[in-house]
Q: 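I have a structure I would like to understand better, so I am pasting it below and will then ask my questions one at a time.
Both backbone and side-chain heavy atoms feed into the values below; hydrogens, waters and symmetry mates do not.
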Amino acid sequence: MQNSEIQRITNWLIDGARSSGTPSEMIAEVCEHLVAAGLPLSRFGIFIRTLHPEIFGRNFIWRQGEKVEIGTVDFDILDTPEFARSPLRIVFEEGLEVRGRMDDPDSRRFPFLDDMRAEGVTDYLAMPMHYLDGSIHATSWVTRHPGGFSDDDIAAIRSIVTPLARVSEIISLRRTAEMLLDTYVGNRAGARILGGQIRRGHNDTMQAAIWLSDLRGFTALSDRLPAETVVEILNNYFDCQVTAIRGHGGEVLKFMGDGLLAVFPIDEYVGDATHVCARVLEAARESRASVEALAHPVGDVVERFRFGVALHVGNILYGNIGGGNRLDFTCIGPAVNLAARLEKIAGRLGRTVVVSEVFANACRHDWRELGEFPIAGFSKAQRVYGLAEETPVVMA
């Protein structure tokens with residue numbers, strides 16, 4: 001082993017690995033330099049636990065001569081027999097090093113190593129990475145070298161793990177911030193917040209198609225069902241919309257009880273209002289089909305659901321609004337207010353989808369004019385349209 005090269009890699013990590021543009025590039029550079037320094041490394045893995053409602057962790061796998069593979073695992077892995085008998089479980093739960101020399105009968109206790117043994121691996125080492133917040137993450141080091149890792153090899157690996165932990169923690173914190181912002185405020189808003197738009201009054205005006213929806217009969221539903229059941233129903237109901245909204249280029253800004261506010265930005269320079277509104281309508285129709293197919297058994301009864309969505313196009317003020325040190329990244333403006341009023345009209349008319357005249361003009365479709373309606377707060381009555389294919393259902 002070239003100790004001077006190991007020290008150079010360590011110093012590079014301590015300095016933040018700034019020559020690498022991505023985590024994958026950083027991992028590849030570390031591994032390639034370690035091999036050049038004499039470490040007989042054929043495979044390296046780093047496993048980072050994440051703060052995410054659905055994802056347990058991310059993994060980066062380097063193999064000599066190949067690109068770094070990136071993957072994610074969900075929380076279901078914790079209940080699998082494979083994880084229960086994995087060396088990484090010991091690392092995560094106990095913070096201990098685990099070594100599996102293939103010529104050691106004790107390594108047979110880890111079925112995971114059987115596949116590696118078949119690939120000619122001679123030694124496996126799993127090491128914990130301790131973050132400053134007390135959390136434990138993991139690395140794995142694999143060699144095909146006859147005799148496995150030497151004592152000097154293991155000492156070099158240990159010297160690398162601590163500075164590697166510092167760099168990966170910084171990267172993880174940044175990614176965690178991005179994921180949490182994406183989860184709670186949406187990806188467009190999250191990018192702006194991380195970009196420095198964090199002061200009250202940082203607002204932009206943009207043109208967008210606006211989506212405002214709610215679940216029909218939610219008040220009665222909440223009154224007769226347990227709160228836990230209502231939450232489960234709401235989550236399934238919102239899944240029916242969020243998947244369609246995001247799949248067609250929209251961003252969910254807010255959940256308000258059973259209500260959902262989303263926007264589909266329109267590029268004013270490209271002039272793509274027609275294209276955007278067509279995607280919004282397709283998302284609405286997909287959501288309608290998903291909600292109609294949604295069934296939730298409660299005792300001997302199967303609950304079925306309907307919802308209403310109002311679609312409009314207009315300029316919105318998009319940015320930080322709030323008081324004191326509590327801000328919300330959201331959108332306001334007359335266009336949003338009109339969408340909210342239209343959604344109430346949809347309920348009165350027993351319609352799933354209603355749109356404003358502006359939206360109907362932007363999105364060529366077989367619309368049915370539903371009439372002009374006075375709108376509270378607006379000086380002029382608004383002409384409202386619905387889908388010609390839709391049969392109104394007025395709920396009791």
Q: I'd like to know if the side chain of Thr10 and the backbone of Ile160 have a donor-acceptor N/O pair within less than 3.5 Å.
A: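 No, Thr10 side chain to Ile160 backbone: no donor-acceptor pair under 3.5 Å.
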Q: For Arg101, does its backbone N or O pair with a side-chain atom of Ser107 as donor and acceptor, under 3.5 Å?
A: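 Yes, because the side chain of Ser107 sits within donor-acceptor range (under 3.5 Å) of the backbone of Arg101.
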Q: With a 4.0 Å cut-off on N to O distance, would you call Arg285 and Glu389 a salt bridge?
A: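 So Arg285 pairs with Glu389 through a salt bridge.
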Q: Just wondering, do Trp12 and Val30 contact through their side chains at under 4.5 Å, heavy atoms?
A: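 A side-chain contact exists here, since the closest heavy-atom pair is under 4.5 Å.
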Q: Looking at every non-hydrogen atom in both residues, tell me the closest pair between Trp141 and Leu34 and how far apart they are.
A: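 Minimum heavy-atom contact is CZ3-CD1, 3.8 Å.
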Q: When rounded to the nearest 0.5 angstrom, what is the spacing between CG in Leu113 and CG in Asp115?
A: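 Going from CG on Leu113 over to CG on Asp115, the span is 9.0 Å.
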Q: Between Arg99 and Asp104, does at least one N-O distance fall below 4.0 Å, as a salt bridge requires?
A: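 Looking at Asp104 together with Arg99, the answer is no, because their closest N to O distance does not fall below 4.0 Å.
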Q: Kindly say whether His248 contributes a backbone atom to a donor-acceptor pair with the side chain of Arg279 at under 3.5 angstrom?
A: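 Between the backbone of His248 and the side chain of Arg279 there is a qualifying donor-acceptor contact (under 3.5 Å).
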Q: Is it the case that atom NZ in Lys254 sees more than 12 heavy atoms from other parts of the structure closer than 6.0 Å?
A: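 Enclosed.
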Q: Any donor-acceptor pair under 3.5 Å linking the side-chain atoms of His33 with those of Arg8?
A: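 Present: a donor and an acceptor within the cut-off.
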Q: Return the minimal non-hydrogen interatomic distance between Gly249 and Pro265, and the atom names on each side.
A: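 Of all heavy-atom pairs spanning Gly249 and Pro265, the closest is O-CD, 4.1 Å.
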Q: So, taking the atom named CZ in Arg166 and the one named CE in Met129, what distance separates them when rounded to the nearest 0.5 Å?
A: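 One finds 9.0 Å between CZ of Arg166 and CE of Met129.
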Q: Is the closest side-chain heavy-atom distance between Leu261 and Phe255 below 4.5 Å?
A: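 The answer is no; the side chains never approach within 4.5 Å.
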Q: So, taking the atom named CZ in Phe307 and the one named CZ in Phe218, what distance separates them when rounded to the nearest 0.5 Å?
A: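 It comes to 15.5 Å.
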Q: Under a 4.5 Å cut-off applied to non-hydrogen side-chain atoms, are Cys240 and Leu294 in contact?
A: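 In contact.
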Q: Is the shortest distance from a Lys or Arg side-chain nitrogen in Arg216 or Glu343 to a carboxylate oxygen in the other one below 4.0 Å?
A: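 Between Glu343 and Arg216 there is a salt bridge, with a charged N closer than 4.0 Å to a carboxylate O.
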Q: Is the backbone N or O of Gly45 less than 3.5 Å from a side-chain atom of Thr139, with the two atoms forming a donor-acceptor pair by type?
A: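 A pair under 3.5 Å: no.
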Q: Would you say that Ile6 contacts Ser159 through its side chain, given a criterion of any heavy-atom pair below 4.5 Å between the two side chains?
A: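 The answer is yes, as the side chains (C-beta and beyond) meet within the 4.5 Å cut-off.
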Q: Looking at Phe149, is its backbone amide N or carbonyl O close enough to the side chain of Asp123 to form a donor-acceptor pair, meaning the two atoms are under 3.5 Å apart?
A: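 Checking the backbone N and O of Phe149 against the side chain of Asp123, a donor-acceptor pair under 3.5 Å is found.
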Q: Ignoring hydrogens and angles, state whether a donor on the side chain of Ser213 or Gln241 is under 3.5 Å from an acceptor on the partner side chain.
A: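 A donor-acceptor contact under 3.5 Å links the two side chains.
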Q: First locate atom OH of Tyr385, then atom CD of Glu369, and finally report the distance between them rounded to the nearest 0.5 Å.
A: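 It comes to 4.5 Å.
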Q: Do other residues, nucleotides or ligands put more than 12 heavy atoms under 6.0 Å from Arg18 CZ?
A: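 No.
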Q: How many angstroms lie between atom CG of Leu39 and atom OG1 of Thr143, to the nearest 0.5 angstrom?
A: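 Going from CG on Leu39 over to OG1 on Thr143, the span is 7.5 Å.
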Q: For the backbone of Glu286 and the side chain of Ser290, can you confirm whether one donor and one acceptor N or O come within less than 3.5 Å of each other?
A: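 It does hold such a pair.
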Q: Using modelled atom types and a 3.5 Å cut-off, is there a donor and acceptor pairing between side-chain atoms of Asp15 and backbone atoms of Ala17?
A: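 Looks like no, no N/O pair under 3.5 Å.
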Q: Would Arg85 and Phe110 count as a cation-pi pair here, with the cationic atom under 6.0 angstrom from the ring centre and within 45° of the axis?
A: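 Here Arg85 fails the 6.0 Å and 45° test against Phe110.
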Q: For the residue pair His312 and Val336, establish whether any side-chain heavy-atom pair is separated by less than 4.5 Å.
A: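 A side-chain contact under 4.5 Å is absent here.
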Q: Would you please indicate yes or no on a ring centroid separation below 6.0 angstrom for Tyr131 and His137?
A: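 Under 6.0 Å, so yes.
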Q: Is the backbone N or O of Ile48 less than 3.5 Å from a side-chain atom of Arg58, with the two atoms forming a donor-acceptor pair by type?
A: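 Such a contact is absent between Arg58 side chain and Ile48 backbone.
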Q: Taking Ile316 as the fixed residue, which of Ile210, Thr205, Ile332, Leu253 is the one that meets the side-chain contact (heavy atoms from CB on, under 4.5 Å) rule?
A: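 Testing Ile316 for a side-chain contact (heavy atoms from CB on, under 4.5 Å) against Ile210, Thr205, Ile332, Leu253 leaves exactly one candidate, Ile210.
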Q: Just do the side chain to side chain donor-acceptor pair (under 3.5 Å) check on Asn236 and Glu232 with the steps written out, would you?
A: CA-CA 6 Å; Asn236 293 332; Glu232 187 177 353; 4.7 Å; no
Q: Atom CG of Asp272 and atom CD1 of Ile266: how far apart are they, to the nearest 0.5 Å?
A: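 It is 6.5 Å, given to the nearest 0.5 Å.
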Q: Will you find, in the side chains of Ser20 and Glu29, an N or O donor that is under 3.5 Å from an N or O acceptor?
A: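 The answer is yes; a qualifying pair exists.
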Q: Carefully, step by step, assess Glu303 and Arg224 under the rule salt bridge (Lys or Arg N to Asp or Glu O under 4.0 Å).
A: CA-CA 12 Å; Glu303 299 283 350; Arg224 60 186 172 81; 2.6 Å; yes
Q: Would one find more than 12 heavy atoms of other residues, nucleotides or ligands at under 6.0 Å from atom CG of Asp133?
A: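 Counting neighbours around CG of Asp133, more than 12 heavy atoms of other residues, nucleotides or ligands fall under 6.0 Å, so yes.
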Q: Donor-acceptor check, side chain of Arg43 to backbone of Arg144, threshold 3.5 angstrom: yes or no?
A: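 Not a single qualifying donor-acceptor pair exists.
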Q: Between the side chain of Thr274 and the main-chain N/O of Ala362, is any donor-acceptor distance below 3.5 Å?
A: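 Yes, Thr274 side chain to Ala362 backbone: donor-acceptor pair under 3.5 Å.
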Q: Ile61 versus Val68: any side-chain heavy-atom pair under 4.5 Å?
A: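 No, side chains not in contact.
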Q: Over all heavy atoms of both residues, which pair between Arg49 and Ile136 is shortest? Give the atoms and the distance, please.
A: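 Scanning both residues, the minimum pair turns out to be CD-O, 3.4 Å.
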Q: I'd like to know if Glu97 and Arg158 make a salt bridge, using a cut-off of under 4.0 Å between side-chain N and carboxylate O.
A: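 So Glu97 pairs with Arg158 through a salt bridge.
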Q: Between Glu390 and Arg288, is there a side-chain N and carboxylate O pair less than 4.0 Å apart?
A: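 Salt bridge flag = yes for Arg288 with Glu390.
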Q: Search all heavy atoms of Leu221 against all heavy atoms of Val230 and return the closest pair with its distance.
A: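 Leu221 and Val230 have their closest heavy atoms at O-CG2, 4.1 Å.
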Q: Fit a plane to each ring of Phe92 and Phe56, take the angle between them on a 0 to 90° scale, and name the class: parallel (under 30°), tilted (30 to 60°) or perpendicular (over 60°).
A: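 Plane angle over 60°, so perpendicular.
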Q: Answer whether the closest heavy-atom distance between the side chains of Leu260 and Val242 falls below 4.5 Å.
A: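 They are in side-chain contact.
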Q: Phe47 and Phe60: ring pair (Phe, Tyr, Trp, His ring centres under 6.0 Å), yes or no, with the steps?
A: CA-CA 7 Å; Phe47 309 89; Phe60 297 80; 9.5 Å; no
Q: Mind running ring pair (Phe, Tyr, Trp, His ring centres under 6.0 Å) on Phe44 and Trp62 for me, showing each step along the way?
A: CA-CA 5 Å; Phe44 168 77; Trp62 172 89; 7.7 Å; no
Q: Determine whether Val263 and Cys331 make a side-chain contact, defined as any pair of heavy atoms from C-beta on separated by less than 4.5 Å.
A: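 Yes; the side chains approach each other to less than 4.5 Å.
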Q: The test is ring pair (Phe, Tyr, Trp, His ring centres under 6.0 Å); show your working for Tyr237 and Phe305 and say whether it passes.
A: CA-CA 8 Å; Tyr237 159 68; Phe305 310 96; 7.7 Å; no
